[in-house]
Amino acid sequence: MAFTFAAFCYMLSLVLCAALIFFAIWHIIAFDELRTDFKSPIDQCNPVHARERLRNIERICFLLRKLVLPEYSIHSLFCIMFLCAQEWLTLGLNVPLLFYHFWRYFHCPADSSELAYDPPVVMNADTLSYCQKEAWCKLAFYLLSFFYYLYCPFCTWISSALTVTPSTHSLDFMNVWWSLLRI
Amino acid sequence: MSAPAGSPHPAASARIPPKFGGAAASGAAAPAGPAPAPHQQNGPAQNQMQVPSGYGLHHQNYIAPSGHYSQGPGKMTSLPLDTQCGDYYSALYTVPTQNVTVNTVNQQPGAQQMYSRGPPAPHIVGSTLGSFQGAASSASHLHTSASQPYSSFVNHYNSPAMYSANSSVASQGFPSTCGHYAMSTVSNAAYPSVSYPSLPAGDTYGQMFTSQSAPTIRPVKDNSFSGQNTAISHPLPLPPPPSQQHQQQQSLSGYNTLTWSALGLPSTQDNLIRNHTGSLAVANNNPTITDSLSCPVMQNVQPPKSSPVVSTVLSGSSSTRTPPTANHPVEPVTSVTQPSELLQQKGMQYGEYVNNQASSAPTPLSSTSDDEEEEEEDEEAGVDSSSTTSSASPMPNSYDALEGGSYPDMLSSSASSPAPDPAPEPDPASASAPASAAAPVIPQPSKMAKPFGYGYPTLQPGYQNATAPLTSGVQPSNPVYSGFQQYPQYPGVNQLSSSLGGLSLQSSPQPESLRPVNLTQERNILPMTPVWAPVPNLNADLKKLNCSPDSFRCTLTNIPQTQALLNKAKLPLGLLLHPFRDLTQLPVITSNTIVRCRSCRTYINPFVSFIDQRRWKCNLCYRVNDVPEEFMYNPLTRSYGEPHKRPEVQNSTVEFIASSDYMLRPPQPAVYLFVLDVSHNAVEAGYLTILCQSLLENLDKLPGDSRTRIGFMTFDSTIHFYNLQEGLSQPQMLIVSDIDDVFLPTPDSLLVNLYESKELIKDLLNALPNMFTNTRETHSALGPALQAAFKLMSPTGGRVSVFQTQLPSLGAGLLQSREDPNQRSSTKVVQHLGPATDFYKKLALDCSGQQTAVDLFLLSSQYSDLASLACMSKYSAGCIYYYPSFHYTHNPSQAEKLQKDLKRYLTRKIGFEAVMRIRCTKGLSMHTFHGNFFVRSTDLLSLANINPDAGFAVQLSIEESLTDTSLVCFQTALLYTSSKGERRIRVHTLCLPVVSSLADVYAGVDVQAAICLLANMAVDRSISSSLSDARDALVNAVVDSLSAYGSTVSNLQHSALMAPSSLKLFPLYVLALLKQKAFRTGTSTRLDDRVYAMCQIKSQPLVHLMRMIHPNLYRIDRLTDEGAIHVNDRVVPQPPLQKLSAEKLTREGAFLMDCGSVFYIWVGKGCDNNFIEDVLGYPNFASIPQKMTHLPELDTLSSERARSFITWLRDSRPLSPILHIVKDESPAKAEFFQHLIEDRTEAAFSYYEFLLHVQQQICK
């Protein structure tokens, strides 16, 4: 197996997947911060704190909103790459999430142009716990896919190595990959 | 027991908690809100009747003429409950009860004592027979309890006016107000208009519950502990009983003491104590007592000793009656109240049982309390001065005697309720037997037993007497305050259940609320009287302490143990809150340390348990906390070492004055900014005249202190500011035309002190209506104006009132018309229910952050995209008013409505920079909130302003199994800055039982609360998903719950559509919701109307929302005084409710429909000319004009009745409804007919069809 486009896809997605993992972790932290106000109850009731807290919420929601598009587009990029590389299995694994993202993105309340992370909406305990669960699930998914992207090419190479005489090219690729793994 | 069962007097059973004696009295005295001078029945007497086992019944007949009772200057405010009672009486009370001409009280030798409290009002104590026999004694406890808690409901309706809450001083206000009850006039036995259908049910299931769960949970208690038990067992006051209940009180207790004046003062207590010992209780009357008060009160004191077990049945003959005082010559009513105040000393709260029996009711109910209770009562009697008023009814209370005290209050309440009483008259023999059997066994938790210092050790179970109490009061070293654990054990409950089983239900094991109802065959599903909230099945003691259902309601009054059980029931679980409601009585507590749980920060409340003197256990998180030193001192009694008697622990609704810990910055002043649309459209509509007029009239009544500030802005395509700085000779108008980047021309002088610049403000208000008469500007730059308002308000926070008359068309936040008129009656998709832009939402959040609320008045004739505009109020905790097709001359009814709404709006109470936190027992969790606010963290609602008309709803889920607890509590704490610049915390605590069986869950459904919660959820659904989804969800809610019921609980044939009695109105209400403007399809509905209806659903408190969903229909052409109540010296007829169907309309009649915000009077073609002439003021049907919005003030009886009825309805709500008189043939009748929700329309099912549809769905 040569250093094919597929291999490139895996490498790229590996890197991007790491980014997605950070996104997911950031989401989890953000929702946690939204959920709990770490001030003491008395402080919480203070009008001055109220202002800070509100600003904080708006800032978090703003960031959340900002992150939606990058995350979705990165993931879509995976799917497109794997489609082009004809990695059907990997594509198949990613498609459900892709559809979920589409649904999330386009399924918004009647007229509002905003995405899901709207302060009054997201502060609803129900929504918040949903979002948090979603973030945890995504984190798990991205972690799994990270290792999948990491080892899948290797497995492919092994299997191809068993059937086909190794070529220098493939060895090159293997070296590259090994060096990656060692990092 | 002396209370005669059938005392006709409505007032009779008022009860005052002894502890707050003073307060209580005041409560009684408190005038019914609406009715300033209701004739009060006997003061807020408390009836406790305890008959120790073996005691003969005591009859007491008290005749208490109405009196004003004023409390002494207790620090603490009077108990809310009491006041409520007072209100209740005055307002709701339908006097109708029979006139009791003479009540004879049997005095038993030695037993009677006279209490004279104030000189003006001598209390006559009727003697009761105390016969104690050990054997019989157990059975004989009868407690008559007035149901006071419910009274609050009454207040709701009746008396907005009575509001004494704020004053920290406490409850003194009542005295003057207390209504005198005019009982005399009404003479019917007829039931008062108020019926509590639910009550009986509650009782019954209560019983079930107890029987089922109680035994398992709690260990049986020894007799020796009986004293303790009793303390625990004090039944809470019944939920608002129908007036009837009040009327008839029977208290069978060894003691009847009447206390008119609450004991606020230690001295009084002392007296009481002495009395106790001496067997004479002298109540001290507060000097403040008004003349009117003079009430002779009869108390029967029974000597503890066993008197022959005479059936205590109080027959009329036996009852003693005191002649009414001069003040109330009219009223022959004698009410006997029995004070029960055992617990104070003991550290327990008293449970007092007042048995109310409706004399008229065929089934007399006697509530019997446990033997133990009797003991306590005896003690209490000595201790407290409680006035018990029992109306002597000619009817003997045979039941009481029969029961042997097995009945809890609940029964009595149920009986009294006008609603058909399910309970058959008990077979005396059978009844007594179970009761007696039950009595001896008192379940108590084993652990509890030790700590019960306060238990009455001295009292022997069999013989408890007055003597004991004294000692007990002193003794309890570790009183366990009412803890959850304790009351579950409540012996009374067991007795109840047993007695109920035997008596009321005719040995049917099922409680009334579970009685299966075949919906398709039950033709008259709607009760004749308004539906009341079910009473949680708690022991009487807790019931008495529990939060008023007006403020706090749960959709399930029996909380399922697990989420699985809840899922099985398919019912929504949630809370309905009305936290800032106008209260007539509210204990206000000032103390340096506000006692809160250290881990969950719960405020101390009546449902915590005191482990010993120094420690209390939080009822939400179960952490054990220390009792601070300061808390050991009770300001009410001026005694030390009785933390359980502090007002915080005696009232489930209290208000704390917060210390400086609760504020970082000084409390903000009241700041009001008015942002007025002055474009051509607005000037045409002419609202400015009305607004300015209202403002001028109410300028002095604006809530606030000397720091109050006010400002004005107007806008069309530019923004105009008004410089009102003191010293100017006239207001300066500053115009800012740069609407893309709004700035404040003179930031300091735009918001000015109301008092310093009053003249300038008045000048401006006088000039404003004419300033823009010739304007040609049609544009409206609302967005920029709001931005400017935000800038102006951000330093202080406050309230912005926006008046808008059209779509904003300039600058930020401009909106396009989105409504397609052709889609108005579409049955498919209703679009544009959500906002078109998030500008207003963002602005609202900014405002919320700056503690500014935006209230929107939308007065428009065309589509104005309320869906978008409403966001500015929704998220800033404002309120929304909508006046479709407003025009000051063309639409006078709307103009009038605006005027009245403004009056209320400007003068009502307001709280600034508020936050509300709702806590619940560990295991429960809150998720979605409904209302106008912003959720700041998951359980903290940020409310820039709070107003008394705002309601909230919360959905709950059960995260952990509640198997290890038998009670759950919810606590709402609302922290706000009052208009006087005080930081205050209003705390409501609600306690509900936990059940483990599905049947119990169904038995405890509060169908109105469930509907309101569903409506809120449906609004969310229609915005986030679609209207049809929401409609489906509503139908599914019915289908699911009824099918779940059918498959699990009822084992009847599946062919019929069965529902438990508690849910029988569910399909009807859901159908009403489906035909509500917010959710209807197929009928032409303007988008703004629809959105406004949704906004109202989200923000209205339950009582108002229910009227909006399901209007009340009355026939008013034949009003009679039957069942009428007296309010403010006016007789208010109480016509029965009619179902909302055209079949009820006859051409010969005239009908009044009460839709909450609007009244319709429909006049049939063949309506009697006498009615038209006497009430409407026109000679015949043909001459009635098409548009008629007022009833003329004619000097005829029928006119007076109609007007007093309508006025009474009006007084019960904050916003004055407008009245439309609709002729049978006028085009306006469509408006009227659309509310007849049981009828078929082109687009919607009739009620029967809907039932068939549901049935079909279930069978699928």
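Computed from a predicted structure; not experimentally measured. To find a chain, count down the sequence lines: A is the first, B the second, and so on, and within it residues start at 1.
- Other residues, nucleotides and ligands contribute over 12 non-hydrogen atoms within 6.0 Å of the CZ atom of B:Arg623.
- With B:Arg936 contributing its side chain and A:Arg53 its backbone, the two residues share no donor-acceptor pair below 3.5 Å.
- Contact of B:Ser1026 with chain A is not made at all, since no heavy-atom distance falls under 4.5 Å.
- From A:Arg55, atom CZ reaches atom CG of B:Leu845 across 13.0 Å, with rounding to the nearest 0.5 Å.
- For A:Leu34, the part lying under 4.5 angstrom from a heavy atom of chain B is the backbone only.
- In terms of heavy-atom pairs under 4.5 Å with chain A, the best-connected choice from B:Gln668, B:His927, B:Gln955 is B:His927.
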- Item | B:Gln850 and A:Leu54: CA distance, side-chain angles, deciding distance, side-chain contact (heavy atoms from CB on, under 4.5 Å) verdict | CA-CA 9 Å; B:Gln850 301 297 337; A:Leu54 244 165; over 6 Å; no
